[in-house]
2 protein chains.
Amino acid sequence: MKKKQIKLKDIADALHLSVPTVSRALRDSYEISQETKKAVVELARAMNYKPNLLAVGLRKNKTFKVGVIIPSLWYYYNSAAVTGMEEVLEEHGYSVMICQSKESYNREVIQVRNLIDSRVDGILVSISQSTIKYDHFIDAQEEGIPVIFFDRAPSYEGASKVVIDNKLAAKSAIHHLFKKGRKRIVFIAGPEKLRISKTRYEGYLEAYKEHGLEPDENLIINCNFTKNMGYRATKSFLRKNIDIDGLFAINDRTCIGAVAAVQEAGLKIPQDVAVVGFNDEPTVQYLTPPLTTIRQPAYEIGMEAAKLFLKERNADTGQFTPTKLILETELIVRESS
Amino acid sequence: MKKKQIKLKDIADALHLSVPTVSRALRDSYEISQETKKAVVELARAMNYKPNLLAVGLRKNKTFKVGVIIPSLWYYYNSAAVTGMEEVLEEHGYSVMICQSKESYNREVIQVRNLIDSRVDGILVSISQSTIKYDHFIDAQEEGIPVIFFDRAPSYEGASKVVIDNKLAAKSAIHHLFKKGRKRIVFIAGPEKLRISKTRYEGYLEAYKEHGLEPDENLIINCNFTKNMGYRATKSFLRKNIDIDGLFAINDRTCIGAVAAVQEAGLKIPQDVAVVGFNDEPTVQYLTPPLTTIRQPAYEIGMEAAKLFLKERNADTGQFTPTKLILETELIVRESS
DNA sequence: TTGAAAGCGCTAACAT
DNA sequence: ATGTTAGCGCTTTCAA
């Protein structure tokens, strides 16, 4: 049943031409006569010729594949970013290979190596929670593969990044809660090592300072990035009976868990505790009460990261200046605050 | 900056061997002496040799890439299925190229063609809402590329499938509502053309029949697969003031919209209207009230689809019998019913 | 305007 | 146990 793949030679033979001529004709080279071009193109269509991308890739040392590494497809903003990238890249003939690090540094390293081995033309990464070394990315760059960080970017300055201003976003959330008359705001800070956790925490602190209030360290909860962890951490926090009137969580999932814990403790949202999340995941507007949260432009982040790749793919490695793009977030106020 | 890629020849030259010998040594061929093997392997490690997969692929006519086409990464069960596939496939050295059809037949066709052009070793598909012709899949099969359908499979019998028993699942939901004393159950049926919509509708009808009740056609709502559509469709349905006491939605997203509409109309869930969704998306247990829903084993579906691919990748095309795997669903009872 | 020759990096068939 | 030759399908010299 297996159909034979048409190759250049088949067309060449049929038209009594040579293979290179056919190749050039199909690429519309100036050195080929109009008639030849026409004949070749028509026959190629008729025979349903498809270039063997492996052969082209081998020859040109390009694969037209871009590797994307994200912590997890479950994260709404990761999927959104990937979709934004595809939007941009597919127009330029690239396809995307998605790898999930599952928040594991080891997996991330392996995936980068695999992508290098697969000779992808570029790597776009949102780093895992546990990533603290960046050698694997440097390796990729040394192989001539441009690396672009998006969303979760490391401190490493040798590559371009597309991020949001996490500090500012956190500040805006806290100031919003201040405006609602809240002063004792719990911060569910996420994993300690993660850079965006720290940065958002800085925003939290700065907001307090700007408001002339003293932050209380007891109000900080570190926990992992899941609903369950948010639930459990909040639950055990509430047992301490510390006085609170507001809550800001590093992301919506954790926030959903926290909200459940708060409600179980008999506290009313927003009357007793005003709540703000982060990310504006699709379902949070249907929670009871609908969640106030910070929308980050994940789709746009993806698009911009892809555009940076397109810009850098041909740049002479060695001496290009990495770009740092900062996109704006938006506070979406709903009934939880 | 760009490091030179080490190739077989570099190793061969360094050891005064021929390229094929090195190649065989690295693949642990029986015909190579132990010492040579050892020397080659060690040097390869030391030089950080990585085979050029393009060249290997060109030679062996394999790419170790598998194409996956899904309607959308937003759908929880799609992401889950993809993750399941990766789990299985990465062990066998395959990487996955994910394409989102975005429910568009045209995009799906283009993506299949691209995957064929990229010479993927297999294609795993959950078809789009608007797919009614299957020529593109047949094309792929004719090129010798195994095609496996998962989740949303077409009626086309020429390829293996991994699905759930949609009729049975729907029946179990309706019977559950019957047990709760409900008789006038709205069915939010999703897009009319979609096969799983029809099948779940059949389950709805059969349940009624088995229960000795006459189904009422006025209780069927057709609408698209989004929260908003669920909301709007339910809203306008409720305006007709038709008597209802139960609601079953084709998926959780639509269901969330429907629930919002029902609650806005002043009806209590589950007292006035008992509600069952479909998919058990991660957030639905945190809705108010937590949603009763049907869990489909998306992750397992993905794994099984991948395993079928592994089984079929070497089978002689032409005369293999397609497998049809049916996985079990589970009704998760929560407070909405 | 076209063709011949060479080579991308690898592996398989056929020597030896 | 190792080397020689050839070829996967394409593009890029270079030559005519």
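Quantities reported herein were computed from a predicted structural model and do not represent experimental measurements. The chains referred to below are lettered A, B, ... by the order of the sequence lines, with proteins before strands, and numbering in each begins at 1.
- In this entry the distance linking CD of Q5(B) with C1' of dC8(C) reads 13 Å, nearest Å.
- R27(B) has a side-chain polar atom (N or O) that falls below the 4.0 Å cut-off from OP1 or OP2 of dA12(C).
- In this structure, the nucleotide among dT2(D), dG9(D), dC10(C) sitting nearest to the side chain of P51(B) is dC10(C).
- As a whole-Å value, the separation of N52(A) CG from dC8(C) P is 18 Å.
- Using cut-offs of 30° and 60° for the angle between ring planes, the Y94(A) and F309(A) rings count as perpendicular.
- Between K60(B) and dT11(C) there is no side-chain N or O to OP1 or OP2 distance below 4.0 Å.
- Closest approach to the P20(B) side chain among dT1(C), dT5(D), dG9(D) is made by dT5(D) (side chain taken as heavy atoms from C-beta onward).
- Contact annotation: T21(B) does not reach the phosphate of dT2(D) (side-chain N/O to OP1 or OP2, under 4.0 Å).
- In this structure, T36(B) reaches the dT2(D) phosphate: one of its side-chain N or O atoms is under 4.0 Å from OP1 or OP2.
- Closest to the side chain of L17(B), from the set dT2(C), dT2(D), dG9(D), is dT2(D).
- One can place CG of D28(A) at 16 Å from C1' of dT11(D), the figure rounded to the nearest angstrom.
- When side chains are defined from C-beta on, V66(B) does not count as touching M97(B), because their heavy atoms never get closer than 4.5 Å.
- Regarding R24(A), its CZ atom lies at a distance of 11 Å from the P atom of dT11(D), rounded to whole Å.
- Checked against the 6.0 Å centroid criterion, the rings of F149(A) and F137(A) qualify as a close aromatic pair.
- If you check dA1(D), dT12(D), dT2(C) against the side chain of R59(A), the one that comes closest is dT12(D).
- If you take CG of L58(B) and P of dC8(C), they are 13 Å apart, rounded to a whole angstrom.
- Without hydrogens or angle criteria, T36(A) side chain to I32(A) main chain gives no donor-acceptor distance under 3.5 Å.
- Note: CG (L54(A)) to C1' (dC10(D)) measures 11 Å, nearest angstrom.
- Each of Y30(B) and K9(A) lies near DNA chain D, and the nucleotide nearest Y30(B) is the one positioned closer to the 5' end.
- For the pair R152(A) and P71(A), the tightest heavy-atom approach, listed with the atom from each and the gap, is NH1-CG, 3.5 Å.
- The separation between K62(B) atom NZ and dG9(D) atom C1' is 19 Å, rounded to whole Å.
- Note on S23(A): a side-chain N or O is less than 4.0 Å away from OP1 or OP2 of dT11(D).
- Between the CG atom of L53(B) and the P atom of dT11(C) there is a distance of 10 Å, given to the nearest Å.
- In this model, the phosphate group of dG3(D) is approached by a side-chain N or O of S18(B) to a distance below 4.0 Å at OP1 or OP2.
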